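Here is the structure we will look at.
This structure is a prediction, so every number in the text was calculated from the model and none was measured. We name chains A, B, ... by the order of the sequence lines, and we start the count at 1 in each one.
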There are 2 protein chains.
Amino acid sequence: MSKRPPITNRVRQLREEHGGLSQAALGDIVGVTRQTIIAIEQGRYSPSLETSFRIARHFGVGLEDVFGWEGD
Amino acid sequence: MSKRPPITNRVRQLREEHGGLSQAALGDIVGVTRQTIIAIEQGRYSPSLETSFRIARHFGVGLEDVFGWEGD
DNA sequence: GATCGATGTAAGATATTTTTTACATCAATG
DNA sequence: CATTGATGTAAAAAATATCTTACATCGATC
């Protein structure tokens, strides 16, 4: 069934702010595929904590600067 | 295959600090089973971002107050 | 206008998380 | 000492995340 998780994310925005890093390039860096980045940006599923940390740390920010909890 | 993720967590400690909340009770509250809480506490896998947020918010703290990235 | 890079969709396979069920131990307590 | 609540282990099944591959569109540029 897989619902849409109540989580927001700024991955796309952060990519743009970092020199227009492509989805494929970010995927390579954090160790997932381009498809995974697409799905995360589209909010199709909530990534693992590990992938989330890798993305945040690559941009040099905290987890909650990238991913937000709806209802906060 | 499933390696141990480079993530630390203070779930057990937070449970104790919150009146000795049991694993089963925490699981009920955040919507997962007792087995899932056990596995998370033991670091057997990295939970979904959604489960992580629910745990943190139940204790009234930020995600990174519960889960830490080794290598920070 | 052919090519190239970035993004998107989709489907089937694989990996990992989560559930379910069952049983074991230990501390506390009746 | 029987029971009860909390924790632990284990294994199979179910759910979900991730990968792989393939094809389509769009904007830029040669």
Heavy-atom distance under 4.5 Å between the side chains of [X] and [Y], does that happen here?
X: E70(B); Y: T8(B); result: yes
X: V11(B); Y: L26(B); result: yes
X: R34(B); Y: I37(B); result: no
X: W69(B); Y: E50(A); result: yes
X: E41(B); Y: R15(B); result: yes

Exercise. Under 3.5 Å, is there a donor-acceptor pair between the side chain of R10(B) and the main chain of F67(B)?
Worked result: no

Exercise. With no hydrogens and no angle check, is any side-chain donor or acceptor of E64(B) less than 3.5 Å from a backbone partner on G62(A)?
Worked result: no

[X] [atom1] to [N] [atom2], straight-line distance once rounded to whole Å:
X: I40(B); N: dT17(C); atom1: CD1; atom2: P; value: 10 Å
X: D28(B); N: dG5(D); atom1: CG; atom2: P; value: 14 Å
X: R44(A); N: dT18(D); atom1: CZ; atom2: P; value: 12 Å
X: L21(B); N: dA6(D); atom1: CG; atom2: P; value: 10 Å
X: L49(A); N: dT16(C); atom1: CG; atom2: P; value: 16 Å
X: I38(B); N: dG5(D); atom1: CD1; atom2: P; value: 17 Å
X: E41(B); N: dT18(C); atom1: CD; atom2: C1'; value: 16 Å
X: Y45(A); N: dA15(C); atom1: OH; atom2: P; value: 16 Å

Is the phosphate of [N], meaning OP1 or OP2, less than 4.0 Å from a side-chain N or O of [X]?
X: R15(A); N: dT7(C); answer: yes
X: Q23(A); N: dG5(C); answer: no
X: S48(B); N: dT18(C); answer: yes
X: T36(B); N: dT19(C); answer: yes
X: Q35(A); N: dT9(C); answer: no
X: T51(A); N: dT18(D); answer: yes
X: Q42(A); N: dT7(C); answer: no
X: R34(A); N: dG5(C); answer: no

For this session: Would you indicate which nucleotide in dT9(D), dA6(C), dT20(D) comes nearest to any side-chain atom of T33(A)?
Result: dT20(D)

For this session: State which of dT18(C), dG8(C), dT7(D) makes the closest approach to the side chain of S22(B).
Result: dT7(D)

For this session: Could you check which residues of residues 64-72 of chain A get a heavy atom under 4.0 Å from DNA chain D? Sort them by number, please.
Result: none

Exercise. Of the non-hydrogen atoms in I40(B) and P47(B), which two are nearest, and what is the gap between them?
Worked result: CD1-CB, 3.7 Å

Exercise. Touch check for G27(B), heavy atoms < 4.0 angstrom, all strands: base, sugar-phosphate only, or nothing?
Worked result: nothing

